[in-house]
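So you know, we letter chains A, B, ... as the sequences are listed, proteins then strands, and number each from 1. Any value given below was found using the heavy atoms of this structure, including those in side chains, with hydrogens, waters and symmetry copies removed.
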Protein chains: 2
Amino acid sequence: MTLWKGCWFFRGHCRAVRNVAARSLFQITVYDQESFQGKRMEFTSACPNIMECGFDNIRSLKVECGAWVGYEHTGFCGQQFILERGEYPRWDAWSGSNAYHIERLMSFRPVCSANHKESKITVFEKDNFIGRQWEISDDYPSLQAMGWANNEVGSMKIPCGAWVCYQYPGYRGYQYVLEADHHGGDYKHWREWGSHAQTSQIQSIRRIQQ
Amino acid sequence: MTLWKGCWFFRGHCRAVRNVAARSLFQITVYDQESFQGKRMEFTSACPNIMECGFDNIRSLKVECGAWVGYEHTGFCGQQFILERGEYPRWDAWSGSNAYHIERLMSFRPVCSANHKESKITVFEKDNFIGRQWEISDDYPSLQAMGWANNEVGSMKIPCGAWVCYQYPGYRGYQYVLEADHHGGDYKHWREWGSHAQTSQIQSIRRIQQ
């Protein structure tokens with residue numbers, strides 16, 4: 001039930017996205033084989049299910065414009081993969097280098113609130129926005145190197161921009177894409193970071209650039 | 001022959017590193033099993049061959065202080081893995097999520113010139129510092145999103161700080177650790193980025209923080 005609500009939320013969001021995309025702020029080309037081979041399709045707005053376009057999976061892609069987030073499952077669920085402008089010739093070019101290798105990319109959508117120049121996030125020690133807090137407006141490949149006490153974050157508030165938080169230092173492991181225009185920018189518990197989130201472990205964090 | 005010259009260079013460098021490390025700017029704990037289990041050893045300076053310490057491999061590690069770079073082979077050769085402060089419970093926490101999976105970390109050293117606040121790099125379109133150029137002093141998860149024409153960089157000059165350059169956008173794929181105090185900060189051809197470099201493909205770039 002929770003999963004379905006999550007998917008419904010993004011479906012609603014994506015209707016708005018289509019209007020933005022009409023101004024060509026977002027463009028992605030996906031392929032059903034590695035190294036930009038096989039069946040090919042261009043998108044300028046969200047795709048909740050690549051199978052409805054005759055693909056069994058996406059095995060390579062090029063982001064021509066804007067920032068996108070890909071998902072392991074249809075309906076914008078499962079592991080999240082940030083996709084910024086450039087070329088991704090195979091699955092491990094976008095995956096979080098995690099032991100949990102599924103090699104599926106079944107849905108994707110634009111990250112409309114990405115704004116590299118004006119992004120803020122406040123991280124809190126505990127859930128529900130309590131405990132020690134720290135307002136961040138830059139990229140941090142190691143939160144601990146900058147004084148954060150441990151390898152966990154309890155909750156987060158995002159007043160502007162969009163961010164990727166990572167399980168390990170150096171932008172590795174599970175990825176969580178968190179945005180000012182989702183949940184009202186409030187992520188009060190790690191379960192809200194994504195349907196694949198299993199712990200509150202976060203060790204690096206960065207802005208998403210448009 | 002080229003490989004040996006590269007290794008010799010880092011051996012010389014590491015003698016100097018030991019003096020710096022004496023002031024406890026650098027500390028790393030390595031384990032021969034995943035999840036911080038098994039044999040354990042602390043280091044405050046470079047280790048050119050973990051087998052000389054009775055390890056067959058490193059399978060997890062914690063960086064307590066400073067930035068380090070790990071290498072696939074002994075003698076600071078092969079794939080490079082940037083290691084910043086935090087916990088790395090297994091190989092894929094530091095690897096570049098590349099199809100080329102070796103799962104070996106046999107030597108490591110501190111990155112002495114890392115300076116998150118004052119870092120500069122100039123990227124050039126072609127080798128030998130010719131063609132279009134761009135001076136960078138911030139992190140860029142996608143060079144193309146910021147106006148770089150393609151997915152390649154021909155050569156680089158680093159007047160200050162230390163940087164990691166990555167094959168794919170979003171800090172994925174092969175990693176190249178490039179420093180102001182190596183090669184005089186001049187990397188005039190992709191062959192100088194590391195003994196594992198095979199192409200001039202670079203799509204994201206970031207500062208190393210201390």
Side-chain angles (χ1 to χ4, degrees), chain A residues 34 61-70 81-101 103 114 116-117 138-148 150-152 164 166-175 201-204 206-210, chain B residues 34 61-70 81-101 103 114 116-117 138-148 150-152 164 166-175 201-204 206-210:
Chain A
E34 290 189 353
L61 62 91
K62 293 181 185 180
V63 175
E64 279 95 12
C65 206
W68 297 72
V69 51
F81 311 108
I82 181 67
L83 305 169
E84 287 145 314
R85 192 173 156 181
E87 299 182 7
Y88 302 76
R90 58 174 179 258
W91 185 81
D92 42 8
W94 62 75
S95 82
S97 64
N98 205 289
Y100 166 43
H101 276 206
E103 305 206 9
H116 196 63
K117 293 209 167 57
D138 199 359
D139 298 352
Y140 288 96
S142 166
L143 290 181
Q144 286 184 71
M146 292 299 171
W148 193 246
N150 59 29
N151 62 7
E152 294 181 330
V164 208
Y166 295 84
Q167 182 184 14
Y168 300 129
Y171 312 123
R172 315 234 73 84
Y174 279 131
Q175 307 172 33
Q201 190 176 43
I202 286 185
Q203 300 193 67
S204 51
R206 68 174 180 88
R207 297 159 292 172
I208 299 176
Q209 71 185 24
Q210 196 59 284
Chain B
E34 290 189 353
L61 62 91
K62 293 181 186 181
V63 175
E64 281 94 12
C65 206
W68 297 71
V69 51
F81 311 109
I82 181 69
L83 305 169
E84 287 146 313
R85 191 170 158 184
E87 300 182 6
Y88 302 75
R90 58 172 180 260
W91 185 80
D92 42 7
W94 62 74
S95 81
S97 66
N98 206 289
Y100 167 43
H101 276 206
E103 304 205 11
H116 196 64
K117 293 209 168 58
D138 199 359
D139 299 351
Y140 289 96
S142 165
L143 291 181
Q144 286 183 71
M146 292 300 172
W148 193 247
N150 59 29
N151 63 5
E152 295 181 328
V164 207
Y166 295 84
Q167 182 184 13
Y168 300 130
Y171 311 125
R172 314 235 75 84
Y174 279 130
Q175 307 172 34
Q201 190 176 42
I202 286 184
Q203 299 193 67
S204 51
R206 69 176 180 88
R207 297 158 294 171
I208 299 176
Q209 70 185 25
Q210 197 58 284

*Under a 4.5 Å heavy-atom cutoff, which of Y140(A), Y88(A), W148(A) has the most pairs with chain B?*
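That would be Y88(A).
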*Choice from G66(A), P141(A), G170(A), A67(A) maximising heavy atom contacts with chain B below 4.5 Å*: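 Of the candidates given, the most pairs with chain B belong to P141(A).
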*For the side chain of R172(A) and the backbone of S95(B), is there at least one donor-acceptor N/O pair under 3.5 Å apart?*
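Side chain of R172(A) to backbone of S95(B): a pair is present.
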_Working to the nearest 0.5 angstrom, can you tell me the gap between Y168(A) OH and W94(B) CH2?_
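Y168(A) atom OH to W94(B) atom CH2 measures 10.0 Å (nearest 0.5 Å).
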*Who passes side-chain contact (heavy atoms from CB on, under 4.5 Å) against S142(A), sequence neighbours left out?*
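Residues passing side-chain contact (heavy atoms from CB on, under 4.5 Å) with S142(A): Q144(A), A145(A), E84(B), R85(B), Q209(B).
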_Salt bridge D138(B)-K117(A), side-chain N to carboxylate O under 4.0 Å_ =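 No, no charged N to carboxylate O under 4.0 Å.
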_Could you work out, with side-chain hydrogen bond (donor to acceptor under 3.5 Å, both in side chains) as the rule, every residue matching Y166(B), not counting sequence neighbours?_
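By the side-chain hydrogen bond (donor to acceptor under 3.5 Å, both in side chains) rule, Y166(B) matches R206(B).
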*Would you mind checking which part of Q203(B) comes under 4.5 Å of any heavy atom in chain A, side chain (CB onward), backbone (N, CA, C, O), both or neither?*
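Contact with chain A involves the side chain of Q203(B) alone.
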*Can you name the closest pair of heavy atoms from G86(A) and P169(B) and give their distance?*
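It is CA-CG, 3.8 Å.
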*Tell me, do D139(A) and Y171(B) make a side-chain contact under 4.5 Å, heavy atoms counted?*
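SC-SC contact between D139(A) and Y171(B) confirmed.
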